[in-house]
Amino acid sequence: MQQIKVTPAAVLKPKPDQSKLGFGKYFTDHMFVMDYTDGIGWHDPQIVPYGPIPLSPGALVLHYAQETFEGMKAYPARDGRVLLFRPEMNAKRMSTSNARLYMPEIPVEDFIGAIRELVLYEKEWIPTLPETSLYIRPFVFATEEAVGVHPSKTYKFVVILSPVGAYYPEGMNPVKIMVEDFYVRAVRGGMGFAKTGGNYASSIKAAAEAGKKGYTQVLWLDGLERKYVEEVGAMNVMFKIDGEVITPPLDGSILPGVTRDSVLTLLKHWGVPVIERKLSIDELMEAGENGRLEEGFGTGTAAVISPIGELCYKDKKVTLGGFKTGPLTQKLYDTLTGIQWGDLKDEFGWVMELK
Ligand SMILES: *Cc1c(COP(=O)(O)O)cnc(C)c1O
C-alpha cells in the first residue's frame, strides 16, 4: 500500500457519554478511504474527516448491490493496550466475499494496515469502561457511473469506527427465537458465505415480522427444503443436545464466523464433545420436547454469545435450559471476552496488539 495521506478534521466532535454508547450510534472524527481503478489497482489510501462520500446517482452499488463489509472490534485492555481479535480472519473473509461479488481483493496486510493506522489515529475514541470497545466497519462498494449490469471498473474501500457499549449492561439474557419457515436467507450457490449487504436486505422483513410477534430474531432454515438449521439472525448458531454441541457445517449458505471458529476451538480444547453436522428442525424440536436440548446460543462479534431461551416453530414452542443462560454458554462468553479484552492468557495466539 502507498503512504497514507492524512487530512485532519478542522473541528473535533465531543466524545459521547461512555455509559450510554449503545451500538453503532456514534462515529469518530476520521475515516479511511482508498480507491480502486481497473488497470491501476488500489490507490490513494487516505485518512480524511468522517463525513458524506460523494457518489453518483448512477453508481453501480445503488442499483445492483455490488458491496461487501466486515465487522470487528478494537478492545481496550485494562493495562492500556489496544487489541484486535484474529484480524487476519476478517481480512481473508473480505477477500472471499469480494471474490464472490466479483470485486477486487484487498491484500491482507493492506486491510490490517488500514485498520491499524485509523484506529491508532482515533485512539482517543476508544472507550475504557468494562466491555466497551471500538467497533470497526470496513466496506467495499462499486462506484462506476453506469446503469447497465456489469462488474464495476471502480471501487471504494472505506473504514469507519464507532465506539460501542457493553452488549449486556444488565448481564446476559436469553432471547425468544421464531423459526422462519417461509423466507430464506441464502441458498447454496448464492451469497450466504459472503458478508454482503444483499443477504441482509433479504432478511429484514422476516426479522421485522418475527419482532411484531414478540420474537427477538429468526432461526433460518436451509433454502432448499426448509428442513435444516442454518443461522440465527446475523449470527452462527450452536445447540447442546445430550451433552454434545452441534453446529451446521460451512457448506456454502452459512457465513464462516470468526466467533464460531473460536468457540469450536475452545470446546475442542476443553474436551467438550462437538460436531459440525446438519441438524434438522424436527430433531431440534424433538430434543426440546424430550428435555434433551440443554443449551442454544448464537455467536458473532457484536454480542459474542447470545443465549436462546425459547424456540417457536409453527404451532410448537420449546424452552431451553429453563429460559436461563446455560453454564457452557456463560463459560464461552466469559472466556472469549476475557481473551478479547486481554484479561485471560491468549493461549491460541488470537490477539494482536496495535502499536
Ligand atoms: C458477521 C456474521 C456472522 C458472525 O461472524 P463473526 O465473524 O463471528 O462476527 C454470522 N452470520 C452472519 C450472517 C454474519 O453476517
Side-chain angles (χ1 to χ4, degrees), residues 23-24 65 67-75 83-98 100-101 108 111-112 115 133-140 162 164 167 175 177 180 183-188 190-207 210 216-223 228-239 247-267 276 296-308 329 332-333 335-337 339-340 348 350-352:
F23 189 86
E67 183 267 357
T68 60
F69 68 99
E70 270 302 323
M72 48 208 290
K73 287 172 172 174
Y75 304 87
L83 308 174
L84 295 183
F85 185 72
R86 310 185 76 183
E88 67 292 339
M89 285 198 78
N90 297 93
K92 287 180 193 153
R93 187 169 66 193
M94 181 161 250
S95 290
T96 310
S97 300
N98 286 12
R100 177 63 184 86
L101 275 284
V108 169
F111 178 93
I112 295 176
I115 286 165
S133 60
L134 190 64
Y135 187 76
I136 305 168
R137 169 53 57 85
F139 54 109
V140 179
S162 171
V164 299
Y167 207 87
V175 294
I177 299 294
E180 177 57 62
Y183 299 114
V184 297
R185 192 193 81 89
V187 289
R188 248 197 295 161
M191 309 192 293
F193 65 89
K195 222 167 165 71
T196 177
N199 289 335
Y200 282 75
S202 75
S203 77
I204 288 171
K205 191 161 191 267
T216 307
Q217 258 305 345
V218 298
L219 184 71
W220 297 108
L221 300 179
D222 75 279
Y228 297 103
V229 169
E230 297 225 313
E231 299 203 55
V232 61
M235 303 179 106
N236 296 115
V237 70
M238 304 200 184
F239 292 99
T247 194
L250 302 176
D251 60 5
S253 51
I254 291 176
L255 201 285
V258 178
T259 321
R260 174 188 184 277
D261 186 81
S262 308
V263 165
L264 291 180
T265 304
L266 283 175
L267 291 174
E276 292 173 69
F297 53 87
T299 70
T301 297
V304 190
I305 302 285
S306 179
I308 298 171
T329 306
L332 283 166
Y333 179 81
T335 307
L336 271 176
T337 54
I339 296 171
Q340 289 168 334
F348 306 96
W350 283 343
V351 163
M352 174 190 282

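Numbering of ligands and ligand atoms starts at 1, following listing order.
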TODO: Report the C-alpha separation of Arg185 and Glu231 in whole Å, then their side-chain angles, then the decisive distance to 0.1 Å, and conclude whether the salt bridge (Lys or Arg N to Asp or Glu O under 4.0 Å) test is met.
DONE: CA-CA 9 Å; Arg185 192 193 81 89; Glu231 299 203 55; 3.0 Å; yes

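- At a heavy-atom cutoff of 4.0 Å, ligand 1 is contacted by the side chain of Lys195 but not by its backbone.
- Distance from atom 3 (C) of ligand 1 to its nearest protein heavy atom, with residue and atom name: Ala234 O, 3.4 Å.
- Within the structure, the closest approach of Glu70 to ligand 1 does not fall below 4.0 Å when heavy atoms are considered.
- Protein heavy atom at the shortest distance from atom 15 (O) of ligand 1 is Tyr200 OH, 2.4 Å.
- For atom 5 (O) of ligand 1, the closest non-hydrogen atom on the protein side is Gly257 CA, 3.4 Å.
- The closest donor-acceptor contact from the side chain of Arg93 to the backbone of Pro256 lies under 3.5 Å.
- In this structure, a donor-acceptor pair under 3.5 Å is absent between the side chains of Arg100 and Thr196.
- For the ligand labelled ligand 1, residue Gly71 lies outside the 4.0 Å heavy-atom shell.
- Using a 4.0 Å cut-off between charged nitrogen and carboxylate oxygen, Glu180 and Lys205 do not count as a salt-bridge pair.
- Counting the atoms of ligand 1 from 1 in the order shown, those under 4.0 Å from a heavy atom of Arg93 are 5 (O), 6 (P), 7 (O).
- Each of the following atoms of ligand 1 lies closer than 4.0 Å to a heavy atom of Glu231: 10 (C), 11 (N), 12 (C), 13 (C).
- At least one heavy atom of Arg185 sits under 4.0 Å from some atom of ligand 1.
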